[in-house]
Number of protein chains: 2
Amino acid sequence: MTLPANSTQILIADDHRLFNDAIAGLLRSSFHSVQQVFDGNSLLFSVQKNMPDLLLLDINLPKLNGIEIASKLRKDYPDIKIIVVTMYNQAHVVESAIALNIEGYVLKDSPSQLLLEAIEKVLSGQKFFDPKLHKKVIINDDAFTNQLLLTKREREVAEKLIAGKKAETIAQEMGVGYETVKSYRKNIYLKLGVNSLAELINLMRDLE
Amino acid sequence: MTLPANSTQILIADDHRLFNDAIAGLLRSSFHSVQQVFDGNSLLFSVQKNMPDLLLLDINLPKLNGIEIASKLRKDYPDIKIIVVTMYNQAHVVESAIALNIEGYVLKDSPSQLLLEAIEKVLSGQKFFDPKLHKKVIINDDAFTNQLLLTKREREVAEKLIAGKKAETIAQEMGVGYETVKSYRKNIYLKLGVNSLAELINLMRDLE
DNA sequence: TAATTCATCCCCCTTCAGGGGGATTTACAA
DNA sequence: TTGTAAATCCCCCTGAAGGGGGATGAATTA
C-alpha cells in the first residue's frame, strides 16, 4: 500500500471523540496534516479555513446531518473529496451519499486497512465503496454497476452464474472463451467481495 | 420392484384416450382389474359401481375439474386412494391436491417407472410426490419434509449448504464426519432433484 | 422376526470452482 | 499522446463439488 503525497490535508468530522482521535492517529503516520472536528458547525468553519483535500465524514453528526453537510459542501467546494464513514449500512443513507456523487463510503466496522485503501483510491481520483454495503443498493442499479462495480459483461456473467450455469456453458452462450468467463467471475467476486457462488447468489437475491 | 396384490382395482380417469390406454396397458400386466374413464361423469359412475382401490386422476378432466372431483371423492369414499397424474407443475394445483390429503402426485413427463413406484408406495399406505414438483410446495412445509422428503439431519445440512458453508465446515458444526455430510448432500440432491448448489439455493429461496 | 428407514461412515473418480499470476487489443479520456 | 479501463484470453494450482458405488448399527414398523 503506497499512500499518495503526504502534503494532503485531511479533515475528520465525527462526534465520537474516541473514534475521531483513533482515526486521526492512524492517519497521522501517513499524512502530516490531519484536522479533527466534532460537530457540523466547526466542520464548516474548518473547511473554510483549511480547505482540506479530503473529508472523512460521519453521517450522524450533531446539529447538522452529515448528508446535508455533504450536499452543501458539494456545491460550495466541489474539489473536496468526501468519504462517508459511518456505522450504518442503511440503504437510504447510502443512496443519498451516492446521489451526491460522494467519492467513497466506508463502514465503521470494517478494518482500518479498508479505510486506508479507500483514502488511497479516492485521492487518486477513483471511487471507493465498502464491499459490505452492496445490499439493496449497488448491484442492480445500472448507473453504479456501470461505474463502480460490474461492467456490462461482468453483469451478464453474474446473472448466468446465479442461474446456476457453469463457466463452460456461459462461455458458449456468450461466444467467448472459457478463460474469459473465469476472469469475469474472478473480477465479479473481487468487486462484490464474495468468494463463493453461494455468497453471490445469496447477495444478489437479497436485493428484493 | 414388487407390486402389491393384484386383486387391487385401479381406475384411470383421463380424457386423453391415448394416454389413458397406454397407462392401462402398462398396468394390466400387474393388476388384473384396470378400468378406464374419460370424463368426470363416468368417473363418478364408475367409482360407485366398481369401488376401486386406487384412482389415477387427471386434473384437466372435461366437465368436472379434477380437484373438485377429488374433493367430492374424499368425502364420499375416503378409502379410495388417489394419485393425481397431470401435466402441469402448477403450484396452486399441487397445493390443492395436498390440501385434500391426496396420496400421490405424478407428472406426466416422468418415466412410467415413477408411476409404478408411486402406485406401489400409495397402495402400501405411503404417500408419493413426484420429485420434480418441489417448487413452491414441499420443502419448508414441515409435515412434508418430514414424511416425504428430507429427514431431520438432511434438512439441517440443506440449510447450512444454502448458507454457503462447505461440507467440511458443516461436518464440524454437526459433530459428524465429512463423509457423512457428503452422503447427506448426495441424498438431498437426489430427493430434491437438483444437481448443484446453485439449483438448491434457487429452489429453496423460491419458497418465499 | 423380517424388512425398512435413518444416521453414520467409507472409497473412488472426474470435473470444476476458486484464486494466483499474467497478456493483449481497443477505445476513450486527460 | 499517454495512460487507463474494458474486454478478451492464457497458465497454473489446489481443493472441493458432484456422483458412483457401497457398509453398518439402531430403531421402527409390518
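- Shown for residues 180-189 of chain B: residues whose heavy atoms fall under 4.0 angstrom of DNA chain D, namely B:Lys182, B:Arg185, B:Lys186, B:Tyr189.
- Interatomic distance, B:Gln172 CD to B:Lys166 NZ, rounded to the nearest 0.5 Å: 10.5 Å.
- To the nearest 0.5 Å, atoms CD1 (A:Ile83) and CG (A:Leu54) are separated by 4.5 Å.
- Whole-Å rounding puts the B:Leu197 CG to D:dG19 C1' distance at 15 Å.
- The interatomic distance linking B:Glu168 (CD) with D:dA16 (P) rounds to 7 Å, in whole Å.
- In this structure, B:Tyr77 places its OH atom where more than 12 heavy-atom neighbours from other residues, nucleotides or ligands lie under 6.0 Å away.
- One atom, CD of A:Glu179, and another, C1' of D:dC10, lie 6 Å apart when rounded to the nearest Å.
- Checked for salt-bridge contact, A:Glu168 and A:Lys160 miss the test: no charged N lies under 4.0 Å from a carboxylate O.
- Taking CD1 of A:Ile80 as the start and CG of A:Leu11 as the end, the distance is 8.0 Å to the nearest 0.5 Å.
- Straight-line distance from the OH atom of B:Tyr178 to the C1' atom of D:dA17: 7 Å, rounded to whole Å.
- Separating the CD atom in A:Glu103 from the CG atom in A:Leu123 is a distance of 10.0 Å, to the nearest 0.5 Å.
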Checklist line | Under 4.0 Å protein heavy-atom contact, by nucleotide of nucleotides 24-30 of chain D - B base, S sugar-phosphate only | finding: -------

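- Spacing between atom CD1 of A:Ile170 and atom C1' of D:dT8 amounts to 16 Å, rounded to whole angstrom units.
- Under the 3.5 Å distance criterion, with hydrogens and angles disregarded, a donor-acceptor pair is assigned to the side chains of A:Asn20 and A:Gln36.
- A straight line from NZ of A:Lys152 to P of D:dA5 spans 17 Å, rounded to a whole angstrom.
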